[in-house]
Amino acid sequence: MNASEPIGTILTQAKLDALRNRIDALPSTFDYKERLLELFTKLEDKYLATLVKDIQLDSQSALVVSFTDEKFKDYAKIKVLVDDQPVAEVKNGISSGGQLDDNVLTILNQADAHVVTVVAELPHKSYILKMISQDILLLKRQVEALFETNDQLKPEVTQDLLD
């Protein structure tokens with residue numbers, strides 16, 4: 001592995017599964033097995049965190065979960081939870097509870113969402129891919145509304161508005 005490349009481009013879940021199998025095959029008496037599993041869990045957590053690019057709450061109160069690329073379709077279960085309750089699920093690229101268009105999952109009517117969590121459920125563990133509060137979602141939406149599509153401030157944005 002080249003350390004200068006992003007983790008999401010050099011790893012796959014298949015590579016991680018193979019590594020986990022090699023660690024699991026070590027004898028339980030092997031002194032470093034527990035430490036290897038801890039390090040592996042950190043690596044897998046960092047890799048899985050790259051699956052979700054962004055979460056937004058749009059102006060129609062729909063949650064928009066943007067996945068980084070197609071890798072999320074390799075997972076048997078990715079859940080979107082709102083206030084710890086499942087509102088959508090993606091199983092190997094097939095969604096329920098939301099509309100999946102390419103790498104974007106849209107879940108309607110989420111104005112009352114206080115905390116949004118995206119979770120990947122793997123056979124050995126569930127991982128939080130991304131978590132965000134309603135306050136942050138609303139703040140992001142307000143800030144993004146200040147810009148045009150070319151990353152320029154809209155003409156009506158003044159210093160008074162920013163203050």
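Remember, it's a predicted structure, so these values are computed and weren't measured experimentally.
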inquiry  = Using side-chain heavy atoms (C-beta onward) and a distance below 4.5 Å, is Leu81 in contact with Val119?
reply    = yes

key: Nearest heavy atoms of Asp83 and Asp112, plus distance in Å   = OD2-O, 3.7 Å

inquiry  = Has Lys130 got a side-chain atom pairing as donor or acceptor with Ala49's backbone, closer than 3.5 angstrom?
reply    = no

task = Decide yes or no for Ile78 and Val52: does some side-chain heavy atom of the first lie under 4.5 Å from some side-chain heavy atom of the second?
result = no

ask   = Can you name the nearest heavy-atom pair linking Glu121 to Ser126, along with the distance?
value = CG-OG, 3.4 Å

message = For Lys73, is the NZ atom crowded, meaning more than 12 foreign heavy atoms sit under 6.0 Å from it?
response = yes

inquiry  = Quick check on Arg141: does its CZ atom have over 12 non-hydrogen neighbours (other residues, nucleotides or ligands) under 6.0 Å away?
reply    = yes

request  = Kindly determine whether Leu57 and Val116 satisfy side chain to side chain contact (heavy atoms under 4.5 Å, CB included), including the steps that lead there.
outcome  = CA-CA 10 Å; Leu57 185 64; Val116 178; over 6 Å; no

Chi angles and distances behind the side chain to side chain contact (heavy atoms under 4.5 Å, CB included) call for Ile7, Leu43 = CA-CA 9 Å; Ile7 193 169; Leu43 176 65; 3.5 Å; yes

request  = Would you check if Asp24 and Leu37 make a side-chain contact, meaning some heavy-atom pair closer than 4.5 Å?
outcome  = yes

Heavy-atom check, side chain of Glu89 versus side chain of Lys77, under 4.5 Å = yes

key: Single-linkage hydrophobic cluster, 4.5 Å side-chain cutoff, Leu26 and Leu19 together   = yes

inquiry  = Working to the nearest 0.5 angstrom, can you tell me the gap between Leu139 CG and Ile132 CD1?
reply    = 9.5 Å

task = Applying side chain to side chain contact (heavy atoms under 4.5 Å, CB included), run through Tyr47 and Lys15 and close with a yes or a no.
result = CA-CA 11 Å; Tyr47 170 73; Lys15 288 178 182 178; over 6 Å; no

task = Please state whether the rings of His124 and Phe40 are parallel, tilted or perpendicular, taking 30° and 60° as the class boundaries.
result = tilted

ask   = Looking only at atom types and distance, does a side-chain atom of Asp54 sit under 3.5 Å from a main-chain N or O of Ser66, one as donor and one as acceptor?
value = no

message = Around atom CD of Glu38, are there more than 12 heavy atoms from other residues, nucleotides or ligands closer than 6.0 Å?
response = yes

Beyond-backbone contact of Tyr75 with Leu51, side-chain heavy atoms, under 4.5 angstrom = yes

inquiry  = Taking the cut-offs as 6.0 angstrom to the six-membered ring centre and 45 degrees off its axis, would you call Lys125 and Tyr127 a cation-pi pair?
reply    = yes

task = For Gln13 and Leu48, work out which heavy atoms get closest and say how close.
result = OE1-CD2, 3.6 Å

ask   = Side chain of Gln110, backbone of Leu108: donor and acceptor closer than 3.5 Å?
value = yes

key: From CA spacing to verdict: side chain to side chain contact (heavy atoms under 4.5 Å, CB included), Asp17, Leu122   = CA-CA 10 Å; Asp17 290 343; Leu122 301 181; 5.8 Å; no

ask   = Among the clusters formed by ILVMFWY side chains lying less than 4.5 Å apart, do Ile107 and Val82 turn up in the same one?
value = yes

Heavy-atom neighbours of Tyr32 OH exceed 12 at 6.0 Å = no

query = Same hydrophobic cluster for Val64 and Val87, using side-chain heavy-atom links shorter than 4.5 Å among ILVMFWY?
reply = no

key: Side-chain touch Leu11/Thr50, heavy atoms, less than 4.5 angstrom   = no

query = Side chains of Gln56 and Lys140: closer than 4.5 Å at any heavy-atom pair?
reply = yes

Side chain to side chain, Glu70 and Asn103, heavy atoms closer than 4.5 Å = yes

query = So which heavy atom on Leu105 is nearest to which on Ala88, and how close?
reply = CD2-CB, 4.2 Å

request  = State the CG-CG distance between Leu129 and Asp45, to the nearest 0.5 angstrom.
outcome  = 8.5 Å

query = Can you tell me how far the NZ atom of Lys33 sits from the CD1 atom of Ile23, to the nearest 0.5 Å?
reply = 9.0 Å

query = Among Ile128, Leu63, Val90, Ile55, which one satisfies side chain to side chain contact (heavy atoms under 4.5 Å, CB included) with Val118?
reply = Ile55

inquiry  = Minimum heavy-atom separation for Met131 and Val115, please, with both atom names.
reply    = CG-CG1, 3.8 Å

inquiry  = As an exercise, state the distance from CZ of Phe67 to CG of Leu100, rounded to the nearest 0.5 Å.
reply    = 7.0 Å

